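These figures come from a predicted structure and were not determined experimentally.
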Amino acid sequence: MKKLKYFMLILIVGIAAVVLINYPKLDLISGFAAKSVASAHFMDGRSLTAIETGDNDIPLVTLATNKIDEVGKSATASVFGLKTRKAVFREGLGAVLIDDDFDANAKYDIPKRNFTTLNLPFPYGNNEPKDTVFANVDYTKLQAAMNNAFDEKGQKAKRTRSVVVVYKDKILAEKYDTGFTKNSRILGWSMTKSITATMFGILQKQGQFDIYKPAPIAEWKNDKRAKITTNDLLHMNSGLEWEEKYDKISDATKMLFQAKDMSRSQLEKRAVAEPNSLWNYSSGTTNLLSGILRKQFKTHQEYLDFWYSNLIDKIGMHSMLVETDMSGNYVGSSYGWATTRDWAKFGLLYLHKGNWNGEQLFDPSWAKYVSTPTNTSNGRYGAHFWLNAGGFYPDAPRDLYSCNGFQGQMVFIIPSLDLVVVRMGLKEDPGFDFNAFLKEIIGSFKKYNYED
């Protein structure tokens, strides 16, 4: 009995210590958990168990106790009964973390969607892709590369959920982990940033916006931030203060899990360097850009519709949904959901330099613009796209550029090979070796076989 009491005392003290040390983070932990549960359950139909063992299987986030309200379409989470947070799902807008002032009964605008289906095979229609055999592809090696990207049963090392390889507009290979299919919506996290940037390319082609003019932000007109252009923001090279950390309370975590209007989180930061002199990755910058986009339209409805009518539904990404914050801004930094095939369509749009089945959505020069290295990024970053210009992936072509997201969500665009590769999962480097992954896939093309 004494041993049991001693054990219980140690357990209680241990729990108390964990709570005390992490108490300031509890609001963020329960916020992440509630938002993740609400989004994954109501948008992709995942069970609470699947979410907790997959999406929320992250240090500290595992401490949360989660509940789903099917009738109210919401999810709540708390840590040891403390810091309860709630996320509400709204059709058309996705899940949103709410605060005590949120009016659940208030009317809200919903983006108008065009789900027209075309009687064409992938990627230009919704029919299954046609079987095509390419003489220059070693399919045995390609299948081995696909298999190597996934864990064997019972393992949690690579944690890949899906891979799609598209060559010359044809799906060359496709594979899904248990519980996921071609219809599963998967969160792209920061791949959404590339969607946000593309909206400016479309506006620019339409003659509606000039990215080289000072950013249209009234609060900056009377200080040195007045020199910051939208081009600087797209390149993450504005010189504005920002801390992008996710293992602590930072600008990024406070924005995503506490802010009512995420578009203002970066807007209110001071300048710490001259524009185009200090590259600094910032999710706040992308949400500031979303706020700038909102101001280009007379009504909130037009802003909501524009993303879908001019890009997402235009290229048949009908599974995609970009979630909004409490103020109705698209969370362009992080909250885009789509199937793996639909993420591949976005990559193909860039592979074809903005041309989608004969229609030019953005100027061909925009693809070069986003894939040109940003000053001070050491060839690693362009305009809301990541680059291989500096050889980050030594065994892949230098013209590769990509949309990258937390936990290794990737859309690789390789113009020199006419290739798009999408990988969705729960691990990134070093848990998942992307260079080896790309090397194996590229090596299945006989011309680029590394063993020849």
Side-chain angles (χ1 to χ4, degrees), residues 14-40 51-66 75 77-80 82-85 87 95 97 156-161 186-193 236 240-259 262 265-266 268-269 272 278-288 323 325 331-336 377 380-381 386 392 403-410 423-434:
I15 292 173
V18 170
V19 172
L20 184 63
I21 293 171
N22 292 292
Y23 187 79
K25 299 179 183 177
L26 297 189
D27 193 51
L28 305 178
I29 294 169
S30 55
F32 182 104
K35 167 68 177 59
S36 176
V37 170
S39 293
I51 297 167
E52 289 178 336
T53 57
D55 307 83
N56 289 11
D57 184 18
I58 299 171
L60 295 182
V61 178
T62 56
L63 297 174
T65 299
N66 311 291
S78 63
V79 183
F80 304 127
L82 302 171
K83 293 289 187 178
T84 299
R85 297 293 304 277
L97 272 174
K156 277 191 172 184
K158 299 174 182 177
R159 306 197 73 176
T160 298
R161 287 176 158 176
I186 302 177
L187 175 59
W189 286 108
S190 287
M191 293 204 302
T192 317
K193 289 180 171 68
M236 300 287 187
L240 292 172
E241 180 182 42
W242 186 263
E243 184 182 41
E244 186 90 5
K245 297 286 186 181
Y246 290 91
D247 57 353
K248 58 179 284 190
I249 297 173
S250 70
D251 294 327
T253 56
K254 286 188 289 187
M255 174 187 68
L256 289 175
F257 306 116
Q258 292 178 330
M262 296 191 198
S265 296
Q266 181 77 84
E268 296 169 352
K269 292 292 182 179
V272 295
L278 179 65
W279 181 78
N280 184 32
Y281 184 80
S282 166
S283 290
T285 290
T286 311
N287 289 330
L288 171 59
E323 296 175 298
D325 63 17
V331 185
S333 67
S334 314
Y335 290 160
S377 75
R380 189 74 182 96
Y381 203 75
W386 294 85
F392 184 80
C403 319
N404 295 14
F406 175 56
Q407 295 183 316
Q409 321 312 319
M410 298 285 188
R423 184 268 185 181
M424 310 296 285
L426 296 171
K427 273 280 182 76
E428 49 196 310
D429 287 322
F432 187 90
D433 188 339
F434 280 101

Output yes when a side-chain donor or acceptor of E244 lies under 3.5 Å from a complementary backbone atom of S283, and no otherwise. yes

Quick one, Y281 with R380, criterion side-chain contact (heavy atoms from CB on, under 4.5 Å). Give me CA distance, side-chain angles, the key distance, then yes/no. CA-CA 11 Å; Y281 184 80; R380 189 74 182 96; over 6 Å; no

With rounding to the nearest 0.5 angstrom, report the CE to OG1 distance, M424 to T160. 11.0 Å

Answer yes or no for R423 and F432: cation-pi contact, defined as NZ/CZ to six-membered ring centre under 6.0 Å and angle to ring axis within 45°. yes

Point-to-point distance, once rounded to the nearest 0.5 Å, from OG1 of T286 to CE of M236: 3.5 Å

Indicate the atoms forming the closest heavy-atom contact of V61 with I29, along with that distance. CA-CG2, 3.8 Å

Could you walk me through whether L26 and F80 pass the side-chain contact (heavy atoms from CB on, under 4.5 Å) check? CA-CA 10 Å; L26 297 189; F80 304 127; 5.9 Å; no

Rounded to the nearest 0.5 Å, what separation is found between the CG atom of N280 and the OG atom of S377? 12.0 Å

Go through it in stages, so that I can follow the logic: the residues are I249 and K25, the test is side-chain contact (heavy atoms from CB on, under 4.5 Å), and I'd like the CA-CA distance, side-chain angles, deciding distance and then a yes or no. CA-CA 7 Å; I249 297 173; K25 299 179 183 177; 4.3 Å; yes

Do side-chain atoms of T62 reach the backbone of P59 as a donor and acceptor pair under 3.5 angstrom? no

When you check the side-chain N and O atoms of S39 and Y335, is any donor under 3.5 Å from an acceptor? no

Please round to the nearest 0.5 Å and tell me the distance separating atom CG of L278 and atom CD of E241. 11.5 Å

Quick check: does any side chain N or O of E323 sit under 3.5 Å from a backbone N or O of G336, one acting as donor and the other as acceptor? no

For N287, the option from S282, S333, S334 that meets side-chain hydrogen bond (donor to acceptor under 3.5 Å, both in side chains): S333

Should L28 and K83 be marked as a side-chain contact (heavy atoms from CB on, under 4.5 Å) after you check the CA-CA gap, both sets of side-chain angles, and the distance that decides it? CA-CA 9 Å; L28 305 178; K83 293 289 187 178; over 6 Å; no

Any side-chain donor near an acceptor of the partner, S36 and N56, under 3.5 Å: yes

Identify the two heavy atoms, one from A34 and one from A75, that lie closest to each other, and give their separation to 0.1 Å. O-CB, 3.7 Å

Student check: side-chain heavy atoms of S265 and W242 closer than 4.5 Å: yes

Gap between atom CD of Q266 and atom OG1 of T285 - 0.5 Å precision: 3.5 Å

With heavy-atom distances below 4.5 Å as the criterion, would you say the side chains of L426 and R161 are in contact? yes

Is the side chain of K427 donor-acceptor paired with the backbone N or O of G408 at a distance under 3.5 Å, no angle test? no

Whether Y381 and W386 hold their rings parallel, tilted or perpendicular, with breakpoints at 30° and 60°: perpendicular

Given 3.5 Å as the limit, does a donor-acceptor pair link the side chain of R85 with the main chain of D27, or not? yes

Write down the atom of I186, the atom of Q409, and the distance for their closest heavy-atom approach. CG2-OE1, 4.3 Å

Rounded to the nearest 0.5 Å, what's the gap from CG on N66 to CD on E52? Could you check? 4.5 Å

Does some side-chain heavy atom of F32 sit less than 4.5 Å from a side-chain heavy atom of I58? yes

Can you tell if the side chain of K156 reaches within under 4.5 Å of the side chain of D57, non-hydrogen atoms only? yes

